[in-house]
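Structure record follows, encoded as structure tokens.
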Number of protein chains: 2
Amino acid sequence: MTASIKDVAALAGVSIATVSRTLNTPDRVSPATRDTVRQAVATLGFRLSRIGQQLRGDRSRLIGVMLPSIASPVFAECVEGIEAAATAAGYQILLMSTAYDGVREQAALDTLLRQRVDGLILTVAHAHEHPLLDELERTGAPYVLVYNQCPHRPCVSVDNRGAARDGVAALITAGYRRIVMLSGAMAASDRAWQRYLGYGDALAAAGLVATPALEVDFNSVTLPAVVLAALTDPETRPDALFCGNDRLAMLVMRQLQQAGLALPRDIAILGFDGLDVGTLMSPVLASVCQPNARLGAMAMQSLDLAIRDDAAPVSRILPHSLRLGGSAAPVRFRPD
Amino acid sequence: MTASIKDVAALAGVSIATVSRTLNTPDRVSPATRDTVRQAVATLGFRLSRIGQQLRGDRSRLIGVMLPSIASPVFAECVEGIEAAATAAGYQILLMSTAYDGVREQAALDTLLRQRVDGLILTVAHAHEHPLLDELERTGAPYVLVYNQCPHRPCVSVDNRGAARDGVAALITAGYRRIVMLSGAMAASDRAWQRYLGYGDALAAAGLVATPALEVDFNSVTLPAVVLAALTDPETRPDALFCGNDRLAMLVMRQLQQAGLALPRDIAILGFDGLDVGTLMSPVLASVCQPNARLGAMAMQSLDLAIRDDAAPVSRILPHSLRLGGSAAPVRFRPD
DNA sequence: CCGTTTGATGGAAACGTTTACATTCTGCCT
DNA sequence: AGGCAGAATGTAAACGTTTCCATCAAACGG
């Protein structure tokens with residue numbers, strides 16, 4: 001049994017009110033009593049219980065964080081940003097992962113709401129028309145989406161379509177013409193589709209022809225043989241490959257290199273996410289970079305503001321950037 | 001204001017006890033009342049507050065997790081394991097990162113203990129003689145270390161020394177002779193030293209000579225010029241390089257490749273951690289693999305058992321494995 | 001020397017639950 | 001019919017805080 005404020009009061013020979021004051025507003029207690037109480041606190045190793053405080057009606061200072069995965073570097077970096085901002089603002093985070101699974105999402109939401117979190121940060125597969133989010137709005141708990149981008153809800157993200165457009169435009173500037181997109185299943189997340197639209201925008205602006213995206217299972221550890229064949233056959237293979245995320249890009253880089261292709265000479269690769277670990281590849285993975293940690297931090301800040309002002313959190317679009325060169329460096333002598 | 005059990009009771013026209021029973025032990029309530037209460041619960045969107053329950057003296061079902069970093073894949077994978085096991089056992093995790101900084105560690109510990117976590121999972125720089133851990137033991141809160149390996153405390157880890165020995169022995173078996181170790185600062189973590197000892201063991205067993213480890217700053221994004229020079233100069237460079245962790249190994253792989261060396265022909269690389277992302281490199285990063293997610297899950301399970309039996313958590317050494325080939329494949333034609 | 005301010009402290013209520021105990025009612029057994 | 005078991009429900013205390021209000025003593029002004 002951990003000591004309670006009563007034990008401290010008893011040991012110090014004062015009332016619990018005085019103990020509370022000593023700990024919260026020491027200047028409202030006489031120096032002598034203050035010392036006695038502090039002595040008792042030290043003896044017992046006492047710490048005020050947040051549970052008691054929460055019950056009293058204070059905010060819980062807990063933020064629920066609900067993400068599809070934790071080990072994925074994208075989300076890991078994001079959580080790091082959230083955690084830093086949360087600590088700075090005096091919150092703690094309750095972390096739950098969902099694998100985009102509706103049942104787990106529902107369970108996580110229930111648990112978090114029962115814990116009376118002050119707010120939630122989450123990423124879902126499709127932000128419009130997600131039953132969970134509607135339920136969440138009904139409860140009135142403030143929440144912000146990260147990575148999702150949806151006009152009707154508070155979101156913190158990059159401009160997925162614009163970012164993809166910029167990245168593919170850079171490929172075109174670098175001299176690539178036959179550009180194909182490799183994506184996780186479009187149905188799996190709304191971002192995939194937005195990025196494909198951006199890809200189309202860039203090609204259209206350059207008068208080039210867009211092709212349907214090659215869709216692969218997001219978690220696969222190898223590329224389907226047919227996809228690999230399409231990418232390696234010297235007759236049919238594209239100039240450049242735009243990958244919907246960095247993990248896919250790294251996967252494809254390794255498989256193409258093992259198939260004997262030289263990157264970016266035989267084929268250029270551009271990823272999306274800007275993962276740190278991409279800079280450890282050789283060639284360095286070119287990528288459309290999202291500021292993952294900042295996305296998380298910004299979501300947390302937006303949420304904090306909303307909590308304090310009792311208002312709806314505001315959406316934010318953070319700037320993306322391009323990491324060029326490396327796997328998408330311009331190639332001078334390209335036979336046409 | 002979220003509804004409380006009183007609101008439900010009022011709406012349903014029953015006492016709060018009946019509401020509580022309806023929610024916790026529905027069979028002890030008459031079907032008619034049960035329906036009325038459930039109706040009221042639904043109308044108000046009511047969920048029992050964990051705060052009230054915790055206050056009542058139940059366990060908080062919260063586990064504090066305190067790690068040096070979240071974005072590092074090693075810890076990210078570990079957190080994923082912890083979270084899965086925690087959810088399975090009915091806990092939630094409160095995540096805090098410390099960067100091995102004593103001040104942050106102390107602050108995190110205070111916050112977590114005030115939240116009355118049922119137990120803690122943590123990683124520190126040096127497990128023996130860490131003031132925080134002594135304080136923690138005084139509080140009586142159950143805790144388990146992950147990654148740390150220390151005879152006097154509950155730890156879940158691999159056998160760092162043995163694992164390093166096995167890895168380096170495999171390099172020797174593959175034909176490498178002049179093997180050097182590259183490590184993060186030994187002072188930064190106890191594991192670094194343990195791994196260096198394992199390196200020494202393997203060399204000694206083969207009658208080879210160990211050299212002092214090359215120490216570099218763990219977070220650096222490039223290798224110091226002098227280290228790079230030592231590794232690239234054809235006169236002085238070693239056969240094989242054993243890196244204290246995978247991040248370092250990937251860093252060095254890229255820099256050596258950019259310097260024009262062929263891996264593993266000119267120099268073999270062996271990492272430590274077994275990060276998934278290493279398999280995306282080319283050549284695939286050979287590594288001494290820790291089961292990161294399982295380490296986390298096992299720590300959580302051990303903690304859960306300890307909490308339930310009100311006993312001290314038990315230490316566990318999990319088996320390591322080797323991922324060979326790739327950057328440490330045997331080289332047949334090596335000029336001597 | 002009295003009345004009033006000021007400062008220090010204590011008493012008690014409130015927050016949201018669970019649960020032991022008390023109460024009421026139904027229906028069964030003899 | 002009377003008594004009693006058993007089911008259904010209510011009452012109230014307890015958990016650990018904060019804080020309003022009351023109390024009390026000392027200090028101070030007149």
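Lettering follows sequence order; numbering is per chain, from 1.
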**Item:** Rounded distance (Å) that lies between atom P of D:dT19 and atom CG of A:L55
**Value:** 13 Å
**Fill in**
Here the distance between atom P of D:dT11 and atom CD1 of B:I5, to the nearest Å, is 14 Å
**Prompt:** Of B:V65, B:L112, B:L145, which is the lone residue that meets side-chain contact (heavy atoms from CB on, under 4.5 Å) with B:L120?
**Reply:** B:L112
**Prompt:** Within this structure, what is the CG-to-C1' distance between A:D58 and C:dG16, rounded to whole angstrom?
**Reply:** 14 Å
**Prompt:** Think B:T33 has a side-chain N or O under 4.0 angstrom from the OP1 or OP2 of D:dT9?
**Reply:** yes
**Asked** Checking all strands, does A:R34 fall into the base, sugar-phosphate, or nothing category for heavy-atom contacts under 4.0 angstrom?
**Response** nothing
**Asked** Does any N or O in the side chain of A:Q149 come within less than 3.5 Å of the main-chain N or O of A:N160, such that one atom is a donor and the other an acceptor?
**Response** yes
**Asked** So what does A:I16 touch, heavy atoms closer than 4.0 Å: a base, only the sugar-phosphate, or nothing?
**Response** base
**Prompt:** When all nucleic acid strands are considered with a 4.0 Å heavy-atom cut-off, which category describes B:I51: base, sugar-phosphate, or nothing?
**Reply:** nothing
**Request:** In whole angstrom, give the distance that lies between atom CZ of B:R50 and atom C1' of C:dT17.
**Result:** 10 Å
**Asked** Which listed nucleotide (D:dT18, D:dG16, C:dT17) is nearest to the side chain of A:S4?
**Response** D:dG16
**Complete:** Closest to the 5' end of DNA chain D, once B:G52 and B:G13 are matched to their nearest nucleotides, is B:G13
**Request:** Side-chain contact test, heavy atoms from C-beta onward, threshold under 4.5 Å: evaluate it for B:V124 versus B:N148 and give yes or no.
**Result:** yes
**Message:** Students often get this wrong, so: under 4.0 angstrom with heavy atoms, is B:N24 touching a base, only sugar-phosphate, or nothing?
**Reply:** sugar-phosphate
**Message:** Using a 4.0 Å heavy-atom cut-off, does B:R114 contact any base of the nucleic acid, only the sugar-phosphate backbone, or nothing at all?
**Reply:** nothing
**Message:** Output the rounded distance in Å from CD (B:Q54) to C1' (C:dT18).
**Reply:** 14 Å
**Message:** With a 4.0 Å limit, can you tell me whether B:K6 has a side-chain N or O closer than that to the phosphate oxygens OP1/OP2 of C:dT17?
**Reply:** no
**Message:** Nearest 0.5 angstrom please: B:L67 CG to B:S72 OG, how far?
**Reply:** 9.5 Å
**Prompt:** At under 4.0 Å, does any side-chain N or O of A:S15 touch on OP1 or OP2 of C:dG10?
**Reply:** yes
**Item:** Nearest-angstrom distance from the residue atom CZ of B:R28 to C1' of C:dT18
**Value:** 12 Å
**Complete:** A:D7 CG to D:dC15 P, in whole Å, measures 10 Å
**Complete:** Among C:dT17, C:dT18, C:dG10, the one nearest any side-chain atom of A:T18 is C:dG10
**Complete:** A:L44 CG to D:dG16 P, in whole Å, measures 13 Å
**Complete:** Rounded to the nearest 0.5 Å, the CG atom of A:L23 sits from the CZ atom of A:F46 at a distance of 6.0 Å
**Message:** Given the structure, check if the side chain of B:R21 and the base of D:dG10 hold any donor-acceptor pair shorter than 3.5 Å.
**Reply:** yes
**Closest listed nucleotide, where the reference is the side chain of B:Q53 and the choices are C:dG16, C:dT17, D:dT18** = C:dT17
**Request:** Look at A:D134 together with A:R153 and state whether they make a salt bridge at an N to O cut-off of under 4.0 Å.
**Result:** yes
**Asked** Looking only at side-chain N and O atoms, does B:R116 come under 4.0 Å of OP1 or OP2 in D:dT17?
**Response** yes
**Prompt:** Would one find a side-chain N or O of B:S49 under 4.0 angstrom from OP1 or OP2 of C:dC15?
**Reply:** no
**Asked** Base, sugar-phosphate alone, or nothing: which one does B:S30 contact when heavy atoms must sit under 4.0 Å apart?
**Response** sugar-phosphate
**Message:** Which is more 5' along DNA chain D, the nucleotide nearest B:R56 or the one nearest B:A17? Just name the residue.
**Reply:** B:A17
